[in-house]
Amino acid sequence: MNPEEKAYHERFMREAINMAELALKSDETPVGCVFVKDGEIIGRGMNETNRTLNGTRHAEFVAIAGILSTHPTTVLAKTDLYVTVEPCVMCASMLRQYGIKGVYFGCWNERFGGTGGVLNIHTHKSVDKPIPVFGGIFREEAIMLLRKFYVQENEKAPEPKQKKTRELKTEILPMDLHAPKTETTT
Amino acid sequence: MSTPDLAAALEGLSLERTPWDALHGLALDVTPWDGRLVSLRTKDEVRASLETVSAYVVETPARFANAVKDAIQTAVPDLKTSEFSHLRRVVQYKYLPPHLQKSFYPPTRLPRGDEDTSPPSAPSQVSLELSSAPPSPSSIPTSPATAPLPDQEDGTVEDVSTEDLDTVRYFLLCPTRYIQHADLLDTLRRNPPFNTSTRAPRIFYVTVPGLAPTSQEQSDRWTEQYWPIAYKNTNPFGPHPSLVARNAAEIEAEAGTWLALASCAGTQISEAGFGEKIGCVVVDRTRGTPEIIAVAGDSRWRSPVGLVEEKDGCGNAMAHAVERAIAIVAKKRLRSAGKDPSLLDRSLFCDNPLTDVEQQFFEKANLPSNGYLCVDLDIYMTHEPCVMCSMAILHSRFRRCVIGKRMPLTGGMSSDTAKGNGTTEAAGLAHGIFWRPSELNWKFLAWEWKGAEGRGKERKQDGDIADTLQV
């Protein structure tokens, strides 16, 4: 990637991180995203699962619900997504159904990532066209946001686990520990 | 589960209320679907049932089984016998499956007078030369040669104390990937009993299941087809069969009703023009009697302002029936907690009731506020949900899920490549999202509904949905 392209993508990932920081302030899992069409942001989203008590209210859903209230579905085929954490299996499938133009993300999601972190929903056999994905933009910042969140208590989870003894680790693991796993069955 | 088993399981289960009571007083045209539950196979179960490996077998006198075992372990130090502990290690000719009896025939006879009682470590005149002389009764080895083998307790080595005239055994050495044939032959020839024989050891190739069986039936089948199997009454690749059976017994009598109700939701919403004829029902069964929490149909063709949209492209994927049902559960929790249920609402989510049947169940205050997401709830769907919705169910921590019609081209639940009902040359996507505990952070039980023969009315309705549709 040439420096010009890098600067372009980083500009929008910075906006996504701003959304993730907003989520953190709202006691939500700090994941944020922006959708970009022709160099313009047409939608923003952040995780809203805690406030809505709905485990599917991920940043991507929230942003697309905003976008499609004023645009036709077909706009997404001309739109790129910038999201701080790799889309989960659910969001990856949704994005592929809508035929998103491209997905740019920060860190991989090793618990339920859908574009390489755990499964490869973006390329797996499907009736929908594969979607291009590119990960690792501001990866360390995305991880630090998640770590800040996970040292807080999640009181809504059943039988809250004691997290007071947890410390915020600031060392970022080497790339190989956060690189995509290879799924053998795609 | 077979029908008699189920009948037995249901007997003595006194339902305070029938599924019909939960629908009581509601003007709904709901005729329960006729059929039964069939548990979906997990991704690992499918892999385990298909994966075979090639292994070496050598013919050896029974009392040299330990010597052979030591020889192979020394030659292959990193051999992990736990990897194939589902395969019997030492097998008599008569217990081999027919095709192996045929290919190993004739089993080598030990020459007369050879079966002395000297310990296997002592050099003996053992020869594996073929002998036409039948073994005499006096040739039956006595105690030192028939002492139980050390690893017998784990079931991998057969007890040789039950002696008969045939003292030759077939020893499963290891999967072929561990050692080259030439090296194996060399190893065996340098060790007893083959080091004193002029004849080459009889080494065979066998095809064996690579992974442990997940049920007694499968174990029996494999014993017939491949090699004698030791079943340990566990299922390392999915839910334990008894857990599945217990849960199926609890819900099977009602499942057809909930599927019919889901179908009713699909019919109502498609008649309104908002979506495809697809629906789902969320049921709480934690309090002994079933409680219907949410009913939702698909509304992908509803515009942001509530109009019917032209059917073009995928429509509003976020308004699939499952997504809407999950949103309705969340709203009911907010409401019972005294919070605004329309918090952060967006019209595109379509998470308000849109039809009569959805409304009737949305109004019921029957969900405690203190629950977490959809923990302990069950979900019934007319069709197998797409990958997005399958993962939404997993994110929401559902307990059990039942699907009506399989969607091999788009569904995210099933793991195998079996054909769905009435579909074309479909071969599933094999995601098996409901049970991938080593990869995903939740798992739940899942079944498909197999319709009874000759009852095609509901199934025809399902057939209205195109194979390629994301449900």
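Just so we're clear, the structure is a prediction, and the values are computed from it rather than from any experiment. Labels below follow one simple rule: chain letters A, B, ... track the order of the sequence lines, proteins then strands, and each chain is numbered from 1.
- Inter-residue side-chain proximity for Glu48(A) and Arg346(B) is flagged as met; some heavy-atom pair is nearer than 4.5 Å.
- For the pair Ser93(A)/Met391(B), no side-chain contact is recorded, criterion being any heavy-atom separation below 4.5 Å from C-beta on.
- Both the backbone and the side chain of Thr468(B) come within less than 4.5 Å of a heavy atom of chain A.
- Contact of Arg333(B) with chain A is made through backbone and side chain together, with heavy-atom distances under 4.5 Å.
- In this structure, chain A has no heavy atom under 4.5 Å from any part of Leu469(B).
- In this structure, the side chains of Gln97(A) and His320(B) come closer than 4.5 Å at one or more pairs of heavy atoms.
- In this structure, chain A has a heavy atom under 4.5 Å from the side chain of Asp351(B), while its backbone stays farther away.
- Listed by chain and residue number, Tyr8(A) satisfy the side-chain contact (heavy atoms from CB on, under 4.5 Å) test with Arg11(A) (two or more places apart in sequence, or in another chain).
- The pair Glu439(B)-Arg111(A) does not count as a salt bridge, with every side-chain nitrogen at least 4.0 angstrom from each carboxylate oxygen.
- Between chain B and the options Asp128(A), Val127(A), Leu95(A), heavy-atom pairs under 4.5 Å are most frequent for Val127(A).
- Within the 4.5 angstrom heavy-atom criterion, no atom of Cys91(A) approaches chain B.
- The contact between Thr73(A) and chain B is made entirely by side chain atoms (from C-beta outward), counting heavy-atom distances below 4.5 Å.
- For Glu5(A), the CD atom is densely surrounded, since the number of other residues' heavy atoms within 6.0 Å is greater than 12.
- For residues 55-65 of chain A, a heavy-atom distance under 4.5 Å to chain B picks out Gly55(A), Thr56(A), Arg57(A), His58(A), Phe61(A), Val62(A), Ile64(A), Ala65(A), given by residue number.
- Within a 6.0 Å sphere centred on CD of Glu51(B), heavy atoms belonging to other residues, nucleotides or ligands number more than 12.
- Taking the six-membered ring where tryptophan is involved, the planes of His431(B) and His124(A) are tilted, since the angle between them lies from 30° to 60°.
- Heavy-atom pairs under 4.5 Å with chain A were tallied for Asn316(B), Leu394(B), Thr410(B), Val329(B); the largest tally goes to Asn316(B).
- You'll find the side chain of Lys331(B) stays beyond 4.5 Å of the side chain of Thr52(A), heavy atoms only.
- The CE atom of Met90(A) lies 10.5 Å from the SG atom of Cys386(B); values are rounded to the nearest 0.5 Å.
- Of all non-hydrogen atoms in Gly315(B) and Tyr98(A), the two that sit nearest each other are O-CE2, 3.4 Å.
- The CG atom of Asn54(A) sits 10.5 Å away from the CG atom of Leu344(B) when rounded to the nearest 0.5 Å.
- Atom CG in Leu53(A) sits 11.5 Å away from atom OG in Ser396(B) (nearest 0.5 Å).
- A 4.5 Å side-chain heavy-atom check between Arg436(B) and Leu119(A) finds at least one atom pair inside the cut-off.
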